Amino acid sequence: MKIMITPTETSSSPDLQTPDLETSASPARRVYIETLGCQMNQNDSELMLGLLKTVDFQPTDTPEQADFVILNTCQIRENAEDKAYNYLHRLKVLKREKPWLKIAMAGCVAQQAQSTVFDRVPFVDLVLGTQNIHDLPELTRRLFPAPESQDDDPSFFLEAPTAFSSRKMKPGMQLLATDRQRIGSTYDYINDVAPVRQSPFSAWVTIIEGCDYFCTYCVVPYTRGRQRSRKPQSILDEVKRLVDDGVKEVTLLGQTVDAYGKDFTDPELKHWRLQHLFEALNDLPGLARIRFMTSHPLDLSDAIIDAIAHLERVMPYVHIPMQSGDDTVLARMKRGYTSREYFELVDTLFDRVAGVAISGDMIVGFPGETDEQFQRSVAAIYRSNVMAVNTAAYSARAQTPAGLWETRNAHDEAVPDDIKQARLATINHAVNDQALRWSQKFRGQTVDVLVEGPSRRNPSRWMGRTPCNKVVNFEGAPEHDATLSGAAIGGVALTPSVVAPGLIVPVTITDVFAWSLLGRVAAL
Ligand code: SAH
Ligand code: SF4
Ligand code: F3S
């Protein structure tokens, strides 16, 4: 691990007074993590909480209660990055009230901005890159040194942490831990640490990090590094532990999840691909649903499609972004496929995987996108028959090739903001049409729903998801208490009980909206 330590500029700024912790009433060590960005960031935050538990930090629900606040950041678009700095600026006020508070910026902005974070937000104590998560326990020992270690002996960093209250702190230091490229997956370094998860029934499991594609608009290869697959045994062990703890559904995560294994060079691992993980997990008693995201069109092999089609616990739902419906734009994005190839792929999925639903991502206003090219993206939404699409206005990112086009006098290429916004509204209309069209297929049908908990809008109803990931809000029916589909849960017979989170229950759909279905527990 590369750690740079810089002295904190404490005395000159009124915001950064040397804390006197002997008089500060600090509680036990508590950590709060705010997460921006994708599911991989969410999973990383869960892992950070797990790692911090090993050095006696307990998670807390608000930054106000915390001694250590970590902001896990996203850099995918300019507004995501702005959000990160705005959040940190708000924390400055809190640090004024609680001078012992330590603040870390983690995630994709941290990895990319490195030490310039300290220039922009000087009250930040730690900048933690995406490939240094497993160094967190050691870093906290440095950030929160033991009270007796107040000299310059570097060995004090190695002392076990003590209770945070009633200790004096050195004027302070700032730590930068942002290694460029690690060999192997972060998650392989910490096999023995359990992430602290948000749901007891559904878990994200990162299986591949980084990306080798370098699409011209995208920061991910720079913020996450090259593709690194996690060892199969580490994944299988983690999922086994999760299932032992009652988890029913896992979502295997990666920026190109279907490229899993392609980077392995070890002869014992080389043959492992996503379909092999599916096969191993499908045989795990107790696991009801296996999901995976995000797939790249170039990596979704026949063998993976076969596995989705034939393994009953692999859910028929594929998130496979198209990004544009126009071949010239696709080529300039460096996506590596044409619209026709994409359509052939989704047609194959519809032919071979019963009940499959497809979702994707589209960018509008990519540099040089004409109205005609944009209209091809709208048409592609209907043609590919996707159930859902995340849409976004193109945002130039400085470190990417497309970002550089704009700075190199190619401003005429840039699509003006008002046109981007108008295109976004138009494409969202098409996305909404498709969502509703998909919902209508379910009217009157009875579907298996994995119950997540009470519905957010109406807590007297339950909320869960169909195999193809449609949200269902539904009424329970105590008179048919759920002997329901207990047997459907990984073959494990459950004690008959009313509908409860973590159970799979059959629900008859009575009404449909674009983004959710309404139903009632089916009578057996
Ligand atoms: N690995 C996935 C995407 C990961 S990033 C894939 O290859 O499809 C998530 C989404 O953010 C992308 O699918 C894209 O639609 C969007 N995105 C990425 N960079 C962007 C940018 N510079 N401006 C706007 N949207 C962007
Ligand atoms: Fe970004 Fe392209 Fe990699 Fe997806 S495949 S993460 S869009 S570079
Ligand atoms: Fe954002 Fe990083 Fe994910 S840039 S989308 S948090 S990989």
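Every number for a ligand or one of its atoms is a count from 1 in the order of the listing. In this text the structure is predicted, and so the values were computed from the model without any measurement.
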- Region of Tyr217 that comes within reach of ligand 2 [heavy atoms, distance under 4.0 Å]: side chain
- Task: Could you tell me which atoms of ligand 2, counted from 1 in the order shown, lie closer than 4.0 angstrom to a heavy atom of Arg335?
- Result: 2 (Fe), 5 (S), 7 (S)
- Message: I'd like to know if Arg224 and Glu209 make a salt bridge, using a cut-off of under 4.0 Å between side-chain N and carboxylate O.
- Response: no
- Query: What protein heavy atom is closest to atom 4 (C) of ligand 1, reported as residue, atom name and distance in Å?
  - Reply: Gln255 OE1, 3.0 Å
- Between His276 (side chain) and Arg273 (backbone), is there a donor-acceptor pair under 3.5 Å? yes
- Among Gly37, Pro321, Pro297, Gly403, which residue places a heavy atom closest to atom 8 (O) of ligand 1? Pro321
- Item | Per-atom contacts of ligand 3 with Gln255, taking only distances under 4.0 Å to non-hydrogen atoms | 3 (Fe), 7 (S)
- Closest protein heavy atom (residue, atom, distance) for atom 14 (C) of ligand 1: Gln323 OE1, 3.5 Å
- Proximal atoms of ligand 3 relative to Cys74 (non-hydrogen, under 4.0 Å): 1 (Fe), 4 (S), 5 (S), 6 (S)
- Message: Applying a heavy-atom cut-off of 4.0 Å, say which part of Met40 lies close to ligand 3: side chain, backbone, both or neither.
- Response: neither
- Greater than 12 external heavy atoms within 6.0 Å of Lys262's NZ: yes
- Message: Considering Gly210, Cys211, Cys215 one by one, which has a heavy atom nearer to atom 2 (Fe) of ligand 2 than any of the others?
- Response: Cys215
- Identify, by atom number and element, the atoms of ligand 2 in contact range of His296, meaning under 4.0 Å from any of its heavy atoms. 5 (S)
- Describe, in one word, how the ring planes of Trp438 and Phe442 are oriented to each other, choosing from parallel (under 30°), tilted (30 to 60°) and perpendicular (over 60°). tilted
- Note on the structure: Here the atoms of ligand 2 under 4.0 Å from any heavy atom belonging to Phe214 are 8 (S)
- Query: Is the His296 ring parallel, tilted or perpendicular to the Tyr213 ring (thresholds 30°, 60°)?
  - Reply: parallel
- Task: Within a distance under 4.0 Å of any heavy atom of Arg397, pick out the atoms of ligand 1 and give their elements.
- Result: 22 (N)
- Query: Given the side-chain rings of Tyr260 and Phe292, with only the six-membered ring counted for Trp, is the space between their centroids under 6.0 Å?
  - Reply: no
- May I ask you to check if Arg291 and Trp204 form a cation-pi contact, with NZ or CZ under 6.0 angstrom from the six-membered ring centre and within 45° of the axis? no
- Item | Numbering as shown, the atoms of ligand 2 that approach Val220 to under 4.0 Å (heavy-atom distance) | 6 (S)
- Task: Check the pair Thr178, Gln114 against side chain to side chain donor-acceptor pair (under 3.5 Å), reporting the backbone distance first and the verdict last.
- Result: CA-CA 7 Å; Thr178 48; Gln114 307 245 330; 3.1 Å; yes
- Query: Counting only heavy atoms, which portion of Ala393 has something under 4.0 Å from ligand 1: side chain, backbone, both, or neither?
  - Reply: backbone
- Structural part of Arg77 in contact with ligand 1, heavy atom criterion under 4.0 angstrom: side chain
- Task: Would you mind checking which non-hydrogen protein atom is closest to atom 7 (O) of ligand 1, with the distance to 0.1 Å?
- Result: Arg335 NH1, 3.0 Å
- Consider ligand 1: state whether an atom of it lies below 4.0 angstrom from any non-hydrogen atom of Ile76. yes
- Is there a donor-acceptor pair closer than 3.5 Å between any side-chain N or O of Ser516 and the backbone N or O of Val512? no
- Note on the structure: Thr294 heavy atoms within 4.0 Å reach ligand 1 at atoms 2 (C)
- Looking only at side chains, do Glu238 and Gln233 share a donor and an acceptor under 3.5 Å apart? no
- Message: Run the ring-ring contact (aromatic ring centres under 6.0 Å, His included) test on Tyr217 and Trp405 for me, step by step, so that the C-alpha distance in whole Å, both residues' side-chain angles and the decisive distance to 0.1 Å come before the verdict.
- Response: CA-CA 10 Å; Tyr217 51 82; Trp405 301 339; 9.9 Å; no
- Query: With no hydrogens and no angle check, is any side-chain donor or acceptor of Glu279 less than 3.5 Å from a backbone partner on Ala307?
  - Reply: no
- Message: Below a 4.0 angstrom heavy-atom separation, can you tell me which part of Ser395, side chain or backbone, both or neither, approaches ligand 1?
- Response: both
- Task: Report yes or no: does Asp125 contribute a side-chain atom to a donor-acceptor pair with the main-chain N or O of Ile103 at less than 3.5 Å?
- Result: yes
- Item | Metal site atom 1 (Fe) of ligand 2: N/O/S of Cys218 inside 2.8 Å | yes
- Message: Pairs of nitrogen or oxygen atoms closer than 3.5 Å, one from Thr256 and one from ligand 1: do any exist?
- Response: no
- Item | Sub-3.5 Å N/O-N/O distance, Tyr217 and ligand 1 | yes
- One finds that the ligand 3 atoms under 4.0 Å from a non-hydrogen atom of Gln75 are 1 (Fe), 4 (S)
- Using a heavy-atom cut-off of under 4.0 Å, does the side chain or the backbone of Pro221 touch ligand 2, or both, or neither? side chain
- Message: Using a 6.0 Å cut-off, check whether atom NE2 of His429 has over 12 heavy atoms from anything other than its own residue.
- Response: no
- Message: Restricting to N/O/S atoms, is Cys108 within less than 2.8 Å of atom 3 (Fe) of ligand 3 or not?
- Response: no
- Which protein non-hydrogen atom lies closest to atom 10 (C) of ligand 1, naming both residue and atom, and how far is it? Asp361 OD2, 3.4 Å
- Task: Report, in ascending order of atom number, the atoms of ligand 3 lying under 4.0 Å from any heavy atom of Ile76.
- Result: 4 (S)
- Query: Are Arg383 and Asp347 close enough, and set up right, to give a salt bridge (Lys or Arg N to Asp or Glu O under 4.0 Å), and what steps lead you there?
  - Reply: CA-CA 10 Å; Arg383 164 62 183 89; Asp347 289 349; 2.9 Å; yes
